There are 2 protein chains.
Amino acid sequence: MPRSGEAVRQRLLQAALELFTERGFDQTPVEAIAARAGVTERTFFRHFADKREMFFDRESELRDLLVQAVAAVPHGTKPLPTLRAAFHESVPLFERNRPITEPGARLVAETPALQERSLAKRAMLVTALTDALRARGVDARTAPLCAQVGMDTFAIATHRWMQDPSVPLHDQLDQAFRELRLATAALK
Amino acid sequence: MPRSGEAVRQRLLQAALELFTERGFDQTPVEAIAARAGVTERTFFRHFADKREMFFDRESELRDLLVQAVAAVPHGTKPLPTLRAAFHESVPLFERNRPITEPGARLVAETPALQERSLAKRAMLVTALTDALRARGVDARTAPLCAQVGMDTFAIATHRWMQDPSVPLHDQLDQAFRELRLATAALK
DNA sequence: GGTTTTGAGTCAGTGACTGACACATATTTG
DNA sequence: CAAATATGTGTCAGTCACTGACTCAAAACC
């Protein structure tokens, strides 16, 4: 049994995924996860802030990527096209991580406690994007609205892509933004 | 000390609001709330599913109102205008409850655990609105997008109204939807 | 080779919740 | 009016998530 940092973390993730899918999130105590990973409960909490946090580590990676991508879009581009371009930049990350994140995603979808956390993570992304837009000179009223609406469109695209991988994420993204344009065109 | 149902609930809400603003949400055990309300901890959990749920009871009232309002909009109206009209219908509810909900809202804003729950409640509203739109014949792809985007716009309007009550909520609502229209017009 | 850093174990404790049971007061019913 | 029943609460015991303080062993560094 290796005991060197990262290996333990991986074993914990693996054990948790197995147990959660077997018995469900609420029915598996942290103690059981730790035991299957050959480690103490205390050690679990040294690697993860809490039980819900396990499947949301990559979120910060995504945030950094998106913030950078927003900054890299040519100046003069309007907010929502800027965001759309940034989302396209993140597609490789999603495609690369898909095998890892897919089982977790199914779990999140059917566990209220995890959904709640997932929403909180999305909210963090929205504030990060809001700041990124404001850094580009978007005014304080427009930035939060665009960040929020853009993120929702992005989420819908990734959601559809998760359910049906036959359509590339790039296409889902463009399609979702097209639908957004159409739906809002009906306003006044 | 009356002991008849609803009175206890009110005393618990009052006690919780006081203690949370004094010491903060995380620093006040449920036991302390119950004690100040002259009741046992067990009784607290008979009135509220959990500690975070206290300030979100009215959410179901809002959901029912919005769902009904969506159904009442003349047929043929496009999804987002439908939602905007429904949101306008809920304005009196907000104005009436403002004195009650305002202290709670400030608390939610500065307590991560409560923000998380607040997002979950918003998500519930989104699914309810999605269903309400689909019942009107909006197709399964458009409905979730419109419900989500509409709800965000609504949330931004109410947020601005909470911070500056001098502008009526009706106006904030129209203004936010106008901004949404403008921002999305830049797409494509 | 000794020192410092790092990751883990142990133990004790708090606090959110739950289930089971007892009891008292209100409400319904014969 | 009395018996049955429902409702709201108290009590107690228990589980589980999480934290702080301390110890210890193995690296990593000097």
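All values reported here derive from a predicted model rather than from experimental measurement. Numbers restart at 1 for each chain; the letters A, B, ... are given by sequence-line order, proteins then strands.
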Its contact letters, B for base, S for sugar-phosphate only and - for none at protein heavy atoms under 4.0 Å, make nucleotides 16-23 of chain C read SBBBB---

In whole angstroms, the gap separating C1' of C/dA8 from CG of A/L12 amounts to 12 Å

Within the 6.0 Å centroid threshold, strictly below: B/F55 and B/F25:
no

Testing D/dG10, C/dA8, C/dG9 for proximity to the side chain of B/V39, the answer is D/dG10

Enclosure of A/Q68 CD (heavy-atom neighbours >12, cutoff 6.0 Å)
no

Contact under 4.0 Å: B/H47 side-chain N or O vs D/dG8 OP1/OP2
no

Partner of A/F87 under ring pair (Phe, Tyr, Trp, His ring centres under 6.0 Å), picked from A/F154, A/F94, A/W161, is A/F154

Taking only Lys NZ, Arg NE, NH1 and NH2, and the carboxylate oxygens of Asp or Glu, determine whether A/R106 and A/E102 approach each other closer than 4.0 Å.
yes

note: A/E53, atom CD; D/dT19, atom P; distance rounded to Å ~ 12 Å

Of all heavy-atom pairs linking A/A128 and A/R63, the shortest is CB-CG, 3.5 Å

Rounded to whole Å, CD of A/E6 lies from C1' of C/dA8 at a distance of 16 Å

Notebook entry, point to check: Taking 4.0 angstrom as the limit, do B/E116 and A/R52 come out as a salt bridge?
Noted result: no

Exercise. Is there a side-chain polar atom (N or O) of B/T43 under 4.0 Å from OP1 or OP2 of D/dG10?
Worked result: yes

note: A/E116, atom CD; D/dA17, atom C1'; distance rounded to Å ~ 16 Å

